[in-house]
Protein chains: 2
Amino acid sequence: MRKKISIHDIARHLNVSATTVSFVLNGRAEEMRIGAEVKKRVLDYAETTNYRPNLVAKSLRTGKSRIIGMMVEDISDPFFASIARGIERKAYQLGYKIFFASTENQTSNAGDLIKVFRERQVDSYIIAPPPGIASEIQALIEHEHPVILFDRYFPDLETTNVIVDNYNGTRKATDHLRSNGSSQIGFVTLESAQTQMHDRLQGYLHAIAQWGQAPCILQLPYALPANSSVEKIKAFIRQHKEMDGILFGTNYLAFSGLEAINELGRKIPDDLAVVSFDDSRFFRLFTPPVSAVAQPLEKIAETIISLLMKSLDTPASKRCVETIVLETEFIVRKSSLKRKKTPSRTR
Amino acid sequence: MRKKISIHDIARHLNVSATTVSFVLNGRAEEMRIGAEVKKRVLDYAETTNYRPNLVAKSLRTGKSRIIGMMVEDISDPFFASIARGIERKAYQLGYKIFFASTENQTSNAGDLIKVFRERQVDSYIIAPPPGIASEIQALIEHEHPVILFDRYFPDLETTNVIVDNYNGTRKATDHLRSNGSSQIGFVTLESAQTQMHDRLQGYLHAIAQWGQAPCILQLPYALPANSSVEKIKAFIRQHKEMDGILFGTNYLAFSGLEAINELGRKIPDDLAVVSFDDSRFFRLFTPPVSAVAQPLEKIAETIISLLMKSLDTPASKRCVETIVLETEFIVRKSSLKRKKTPSRTR
DNA sequence: TTATTTTACTTTATCGATTTAGCAAAACTG
DNA sequence: CAGTTTTGCTAAATCGATAAAGTAAAATAA
């Protein structure tokens, strides 16, 4: 096993100092007045020996790791996975690496992760925060680490946030149900006081208030197993016979909901129309396809990274905080041609 | 901004040496005969100042980073995302952190990533390798880094591999289609010579050979956009009128396939029965639900981590290579009660 | 009582980079 | 031709930890 070569090995071999090698390899040869010939010899030797800098050493010396710590609820959740993927792509291009981690939306997990990240000298953070972690985030900012919150945020905290317009998302979705014939619209959401769910709830409430409908809401605990969700949604549907439209607060709630509706033998959309907040590639595959409020995943990732880079380029003292609100898109899906072609096909 | 405190700060404050502090904080106080009182003072002071070791410095000194580099095709793909999640959970418990990265199954991306990982002093690797990366992986092993390949591997390389029994997976799936009435079974797969797809193909071929059916195969290029896949699958189905069963080589091919079948107005399973390799939580939500070959995701993650830990505990010279083949589970999904209860419901 | 061992630490080197300060030789200036 | 500047480098300190080797004082043994 040939050992890894260091800057000192190069220096020794060429009879120059490590400093010179460092300057050359960092492209500071001119600035530091290193002769053209020495420069060439260093470059050539580094090339032939396939020298790779030890970034751990570099980090220790410079205090910057070029590592981003990213914490989300669950990296295997399609929403977070997509955003993570987008961020990954852009970060790598910029020479940054990412530690991804899942909080399960637990305060304690997030707290532990922040500690671990700090030990590892992570120098910036992208966080979809769980409740109760505001003070730790505040501490990160006080330590001058760039922090971007996304998906949800703390209104009391002066952070840079990237979110979507949840309020108008559910509002448009509710209006859509109404204008497509539903008069009693239910909302199935999470028992969560976090901003994203709060705003979605408000959007729904304000929408139904327009035509004077009373709220009809089911709030499920976070991380409820899918089969329990299905049961609770079934009970909810049974209890509200008058309900002829349902809006789901997340796509996985919608999946449980579709299953519940299916099991109850209700017909979509004739018995019960369905719309989901947060799109999924699967909605178009259902019969009938499901309309949804799509979040601009690529745009979210892009915005997060560009704000983060801006923050990294700015001294802590003059970083400005801002909350970027991205628009959602309402995707209307009607039954495909099949439905029209064979309206009375038996199943 | 209060500065981060180091072992030297503690030493200075308590009038002891940094070495003493290091020993105490690493639990080596007894071994190194540090007095109980000094030990207590160090521990207390570290506690009150909220001392956190600088793991970058530690890595530099010890040469171990306790960072695992994990490379998969795409971390947002549900298969890889689930495995990543399982690995993440276990790795954190063991004090390891993970760099996740996506290769897009491109040799050059994987090569670059290996370089980046090495610069960052990653000390072990979990890789779902793209084609053509065998020599770089060989080099990693020669440098005595523990490496675990999963999902696919290189038969010529002496590596530790964690795979599933792809051959029997497709074989069982094909048999299932046959015994449920399909007599002409098609196979939609990827244009890939990698082991996992190769074995799936063989399973299919051997299965149909049992009853003398001729192969009926569609191979799609890797990373084909979903809408092109749909078109190609539609053409394939149209060309093979006699085909009454289709096996899909991956779940995303199955999704395209379902869309294609839908658009052609064929009925599942009466016109065309469908089975997918690689399960998805969505298959049960389709009407009718789709049977699938499920890979043991949790078990794969578990096996990878335990082999990796074993490897890390073993000197490079006496690590043994092994290929663990995990069994798949064939999940039969019949139409739900609804189908039976209301066989002639119109839609 | 002297020699040896044990106790309880400390000194110093090191990991692989960066960075500040410095220094000799060459070139230029007046 | 002495003095200053520029050129082209290098020595040494540093980041924050660990580890090998050392050492003074106390305890024990002969």
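So you know, we letter chains A, B, ... as the sequences are listed, proteins then strands, and number each from 1.
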Output every pair passing ring pair (Phe, Tyr, Trp, His ring centres under 6.0 Å) with a member in residues 106-139 of chain B, not counting sequence neighbours, ordered by first then second residue.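 Pairs touching residues 106-139 of chain B that pass the test: B:Tyr125-B:His145.
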Test: salt bridge (Lys or Arg N to Asp or Glu O under 4.0 Å). Region: residues 9-24 of chain B. Which pairs qualify, not counting sequence neighbours? B:Asp9-B:Arg12
Nucleotides bounding contact with chain B, strand DNA chain C, heavy-atom threshold 4.0 Å: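 With heavy atoms of chain B under 4.0 Å away, the range is C:dT7 to C:dG16.
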I'd like to check the ring-ring contact (aromatic ring centres under 6.0 Å, His included) partners of B:His13; sequence neighbours left out, ordered by chain and number.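 With sequence neighbours excluded, B:His13 shows a ring-ring contact (aromatic ring centres under 6.0 Å, His included) to B:Tyr45, given in chain and number order.
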Can you sort out the partners of A:Phe23 under ring-ring contact (aromatic ring centres under 6.0 Å, His included), two or more places apart, ordered by chain and number? none
Who are the side chain to side chain contact (heavy atoms under 4.5 Å, CB included) partners of [X], not counting sequence neighbours?
| X | value |
| --- | --- |
| B:Thr195 | B:Arg152, B:Tyr153, B:Pro155 |
| B:Ser108 | B:Gln106 |
| B:Asp44 | B:Lys40 |
| A:Pro296 | A:Val164, A:Lys299, A:Ile300, A:Leu326 |

Counterpart residues, salt bridge (charged side-chain N to carboxylate O under 4.0 Å, His left out), relative to A:Asp151 (two or more places apart):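 A:Asp151 satisfies salt bridge (charged side-chain N to carboxylate O under 4.0 Å, His left out) with no residue once adjacent residues are dropped.
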Bending between helix ends of the helix from C:dT1-D:dA30 to C:dG30-D:dC1 [5 pairs per end, 10° resolution]: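 Both end axes considered, the difference amounts to 60°.
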Protein proximity profile, nucleotides 6-19 of chain D - base contact B, sugar-phosphate-only contact S, no contact -, cut-off 4.0 Å on heavy atoms: -BBBBBBBBBBBBB
Using modelled atom types and a 3.5 Å cut-off, is there a donor and acceptor pairing between side-chain atoms of B:Asn161 and backbone atoms of B:Thr323?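 Not at all, since once roles are kept as given, no pair shorter than 3.5 Å links the two residues.
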